[in-house]
Amino acid sequence: MSQEGTTDSDIEAAIRENHPALITYITAGDPSLEETKEYVEALDRGGSDLIELGLPFSEPIAEGPTIQAAINRALDAGTTPEGFFDLVDDLETEAPLLVMTYYNMILQYGSSEASRASESDAEPSNKPDVRPFVERGAEAGLSGIIVPDLPAEEADPLREACDDYGLDLVFIVAPTTEGERLDRIMSQVSGFAYVQARLGTTGARADVSGATHDSLARLSEYDVPKAVGFGVSEGDHAAEIIEAGADGVIVGSALIDLIASSDDPAAALEAKAEELKRGAIRGADDNAVESVGETAATSPSER
Amino acid sequence: MSQEGTTDSDIEAAIRENHPALITYITAGDPSLEETKEYVEALDRGGSDLIELGLPFSEPIAEGPTIQAAINRALDAGTTPEGFFDLVDDLETEAPLLVMTYYNMILQYGSSEASRASESDAEPSNKPDVRPFVERGAEAGLSGIIVPDLPAEEADPLREACDDYGLDLVFIVAPTTEGERLDRIMSQVSGFAYVQARLGTTGARADVSGATHDSLARLSEYDVPKAVGFGVSEGDHAAEIIEAGADGVIVGSALIDLIASSDDPAAALEAKAEELKRGAIRGADDNAVESVGETAATSPSER
Amino acid sequence: ATFGDYGGQYVPEALMPAVQELEDAYERYVLENEDGFMDEFRERMRDFGGRPTPLQRADRLSERYGREIYLKREDLVHGGAHKLNNALGQVLLAKYMGKERIVAETGAGQHGTATAMAAAHLDMPCEIYMGRTDVNRQRPNVYRMRMNGAEVNPVEAGSGTLKEAINETMRDWATTVETTHYVIGSIVGPHPFPKLVRDFQAVIGREARAQIQEQAGRLPDSVVACAGGGSNTMGTFHKFVPDEDVDLIAVEAGGSSLEIDAENAVAPNSATLSTGTDGVLHGAMTKLLQSEEGQIMESHSVSAGLDYAGVGPELSHLVETGRVTPVSVGDEAALNGFHRLSNLEGIIPALESSHALGFLEEAHEELGDLVVVNVSGRGDKDLETVLEETEKRDLEAAPDVEVFDS
Amino acid sequence: ATFGDYGGQYVPEALMPAVQELEDAYERYVLENEDGFMDEFRERMRDFGGRPTPLQRADRLSERYGREIYLKREDLVHGGAHKLNNALGQVLLAKYMGKERIVAETGAGQHGTATAMAAAHLDMPCEIYMGRTDVNRQRPNVYRMRMNGAEVNPVEAGSGTLKEAINETMRDWATTVETTHYVIGSIVGPHPFPKLVRDFQAVIGREARAQIQEQAGRLPDSVVACAGGGSNTMGTFHKFVPDEDVDLIAVEAGGSSLEIDAENAVAPNSATLSTGTDGVLHGAMTKLLQSEEGQIMESHSVSAGLDYAGVGPELSHLVETGRVTPVSVGDEAALNGFHRLSNLEGIIPALESSHALGFLEEAHEELGDLVVVNVSGRGDKDLETVLEETEKRDLEAAPDVEVFDS
């Protein structure tokens, strides 16, 4: 549910209108910003309903080995925030774009210009500020921001800036998020709730965790779009997750793996997006069938 | 002066009768007991008035590197106390023989036989005893014993045994021996006082230390034969020492060096003994001349 | 935030409940001594840890510098450094909290060995994350941890040093948070870690403050401690902060230069308080060595224990407010400090502590008449490094060590 | 002699005046506290040395052995072992006596490093004799001595180990006796050294006796300490000797076997009290590992600090009179003891001390309900040896240490 009961944001609309939604993630600059442009377009063609672009940070504490490696490749390739925004400027995708990055990247953006600008002042402020980043993101056409190391408790400055520039600030809901904190976070979510499928870090897994089902059950009472990430790698996972009540699935590491290993990453990404979207739709259909009754639903394992 | 005003011991007689005396030392068993026999006979021929034979001990704390090495060679060659005594049994030298060894060697000799013998007793004594060593030494024809790690304060048991078997127990007088202790030691000396020429360990030196002159001056009041060792290596040293008032010189490391380095050690030892004896005599003559008046004495440096 | 503009809880959502649970435990057990927690902690630090440590007048340094120099001897704590004060406190706290497992990061291995010792002592399973580079260059510390029964997990990512080890420990914790406590090694990380670690380390200054009053009859004019993450620093300073006439001086690692290599995002120093800018790393807003874009730099110091691109948020705050004076001395001055204390006082200090001693030599004239210096740890662990680094230089205070067969 | 049949002053004549001068100084300064000598000694041991050391209840060993086990933590003394108690005492005494220079022998380097530290602390020139073999295999200790400003003189004679180092130090002393004090490293040597060293080390037992009474409410049933030369042993036992109900157990190094290789004059152990015979070595009548002819044997132990063919004459006397019980445990039991304490209690003990711990495992059922064990030193110095020796064996208590890149 969007803030203040106003109309849906781009992101919320994309999820509701394309339900069940496929949200794809890749790291900008892996292996170069030019290639990232191709890959994003491929993911868009493949049926992504939202695309998360990672802005690489040197200390990605929430990521597993796959995305860590992607981030290192991107940094080695010289990816900077300015280059990232230039890429976003260039992109014309059907799917709305979000940036996923760590809080320090947001804080530092433009701070050296700011402090340089303030050198003329008597009291130059060297305090970092989140607004230049949000402003530039909005200008480039981003629809939202996800910050894995920014819990709701510390998010006021960024949320205010996002509100001012019309960007959604997506919060993560973990298996350990419960009770009052869950209420508070769900009341502050904009765009969608990023449901962390399991404890730990990002990375492709071979199965869907029991924690996912528990979380979705716990979240069912909140009328907020819920997308599940952390470990989703196959169409069958997507089906199972959607069937369990999610509004969307988020896939990242599985796509990074394709970039790193494919001869034609763009084609592979497009095909993978299609597989995942089909899986999601199958899950939604099963869900619909099941809600009618236990009939001849195709279980993922029979596919 | 011998004990109790009785007649002179072999050793004291040898010094007084052959004044100035040459006392030579080699380590028994370096490099073999057979060769030691030859070398002792050579030293005897060369004019030694007393011969010290070292019975090797593994921890020769009073020795410098030269005699340490000789001891190691002797031990490596398997030299044992029994072998040592067998050698002494065989030797027929004009010069009386002394054994120089460390106290533990004296303590242990025969102690295992003793304890074996006492096994029949109700209370077997496993305390070491000095008497078997002294008894065997006397039987083999030794005239005296020198023990570098046995100060007068600890010497009662050995002195009693030596008295009983008619052996002299030679004490060392060091540059640090003064006052009451010096009196006490000089009153207990039998055979001669071994005057340590300088602080430190045995070993050939290039000069005669000032400490030698000081010690001889300090000792002049005692009517006991005085022989100077530690560092004496040349005829000129011998001359200087005798001239300074000693009754004899003791030479060891310089002889060990010859054994280790000569093609014909026996000949070299004999020649060296002759050189040293000549030096000693020259010193005695100078002394006699000087005591008459400062006439045309040949100073060692003009030789 | 927790300390003026600094501190906070910038952690992944999954960790927030654990961080809040820790906040609660901190308040109950540490601040309120519930169940006698602090009593048990202090008793174990006495019997197992060897506290109190002495405050020793350094006779020859006092003479050399023309003022009274006292050394707080944290090198005598079990394990060889102040690190155990914190490690034992946290492992014990984890036990009181009902946790079943301990994880910790380590750089050079000092915090890892202290944590492994504490975990063995308290019978807690323990895993230590350590960068691959550090594992391979700090073998004795790896062995010590293994002998204390800890698992040691080499971290292959990045440059394989402390920063990566912290990242990886956070990842482990994010996975196992329900049963596991993360024993962080300095006054860094999200609230309440900086306060928790400070309170465990504050015993240094509490003892030193009482000891100097007993031995010298008054409070010191200056208190000097080295600063990397800053746990020995805040531990030494904390009880002196209200004593406004006592100068508090944090000596950072100047490395080979204070100039930054912007192109390669490398700082040839670890002088975060002196040269850093504000940002968020490892859970807290603090001063950082970072590029203009916000990437964390590789820091450098001859002392592995100071080699960190961040610093405790409380120190950032105290520097910002002027209560703590940040200074820095370079590798060479630290090496000379190492040799000087070894040679003049018979105490081989850690290379970390040697920075404080290097500062004494350079700037004693700026200090008051009565100075307390924290010797945060012993230097046996640094012998190889010191030999290597000494060989490269012509150090005035270094002895010749060549007595070996070639 | 000094102790029943044992002790005495079997030294070269040149040393007798120095030995008697030392006797006089011992009586005046140590026994009568002339010029406040003992006060200064105790104060420096507190501030520089870190005394008192704790007596710690070992929770998991107590559980394992079904009796109360307390550890006297001499591993926490500055330098890492009890050795400083003696070294600082003697260097300070030399200063009071007006000596200008210190010499000392060292085997593995523990006494040498302690003496070098004490000499640096008290500003006394210091030379350490160390066998060539030991110099080459104990490099870190050589570096520590050099860093403390001591000269290290390698001794090339013989097998290049402790025995030769003592011989050579005695030779130096015999040369320089007028200005030099020989800081002997254990309760060996001519009178008054065994008493002097014992009295400096007796602080161990004095503290432990008071601590156990405070902590456990009574005297212990058994006191256990390892014995090489015996300084930590007598230091621990001395104050308990009059307590006739307290069993005193000296644990010697059983090495690989108690059988002697008579042919090669090698004892594959250092169990002098258990298997030695009476003789004179290094200035005193005592028990020795020697051949029937009286040649001193090469001893052996995995612990370099116990590897000595002699033992303090006072211990020989106390064993002879039945007051002290000599036992021995072999290399393997000691290694297991090392690993067990590291793993269960978070204390890495010296290999010397590990013998006492190995004995606990083997024979705890023969001990009383309340046991004090002296942990004479820390084991960091032994890591390399332990790794090497552990690799050769299949030890039940050893961890796997393989976490390195191959």
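Protein chains get the first letters and strands the later ones, always in sequence-line order, with residue 1 at the start of each. It should be emphasised that the depicted structure is a prediction, and the values quoted were computed from it without experimental measurement.
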Which portion of D:I166 sits near chain B, non-hydrogen atoms under 4.5 angstrom: neither
Please check if the side chain of B:R181 supplies one atom and the backbone of D:M16 the other of a donor-acceptor pair under 3.5 Å. no
Contact origin within B:P148 toward chain D - heavy atom pairs under 4.5 Å: backbone
Test D:T175 against B:R198 for side chain to side chain contact (heavy atoms under 4.5 Å, CB included), laying out the working first. CA-CA 8 Å; D:T175 310; B:R198 67 189 79 218; over 6 Å; no
If you tally heavy-atom pairs under 4.5 Å between each of B:L107, B:L150, B:I106 and chain D, the highest tally belongs to B:L107
How long is the gap from NE2 on D:H282 to CD1 on B:I61, to the nearest 0.5 Å? 6.5 Å
What part of D:D172 is in contact with chain B, defined as an atom under 4.5 angstrom from a non-hydrogen atom: side chain, backbone, both or neither? neither
Can you tell me how far apart NZ (B:K127) and OG1 (D:T277) are? Round to the nearest 0.5 Å. 10.0 Å
Which residues in residues 308-316 of chain D have any heavy atom closer than 4.5 Å to a heavy atom of chain B? none
Quick one: do B:N104 and D:L281 satisfy side chain to side chain contact (heavy atoms under 4.5 Å, CB included)? Show the steps, please. CA-CA 7 Å; B:N104 197 51; D:L281 176 66; over 6 Å; no
B:S58 side chain to D:Q295 backbone, donor-acceptor under 3.5 Å: no
Please name the pair of heavy atoms, one in B:A62 and one in D:P12, separated by the smallest distance, quoted to 0.1 Å. CB-CG, 4.4 Å
Please report the interatomic distance CG(B:D129) to CG(D:D278), rounded to the nearest 0.5 Å. 12.5 Å
Approximate separation, where rounding is to 0.5 Å, of D:E293 CD and B:Q108 CD: 10.0 Å
With a sphere of 6.0 Å drawn around CD of B:E139, does it hold more than 12 non-hydrogen atoms of other residues, nucleotides or ligands? yes
Hey, could you give me the CZ/CG distance between D:R171 and B:L199, rounded to the nearest 0.5 Å? 15.5 Å
Which residue out of D:M297, D:E178, D:Q290 racks up the most heavy-atom pairs below 4.5 Å with chain B? D:Q290
Residues B:E154, D:M285; criterion side chain to side chain contact (heavy atoms under 4.5 Å, CB included); working and verdict: CA-CA 11 Å; B:E154 301 286 359; D:M285 172 80 74; over 6 Å; no
At a heavy-atom separation under 4.5 Å, does B:P65 approach chain D through its side chain, its backbone, both, or neither? neither
Mind checking the OG1-CD spacing from B:T177 to D:E13? Nearest 0.5 Å is all I need. 3.5 Å
Under the side chain to side chain contact (heavy atoms under 4.5 Å, CB included) rule, what do D:I296 and B:F57 come out as? Steps first, then yes or no, please. CA-CA 8 Å; D:I296 308 306; B:F57 174 55; 3.9 Å; yes
Look at B:Q196, B:E82, B:Q68, B:E63 and state which one has the largest set of heavy-atom pairs under 4.5 Å with chain D. B:Q68
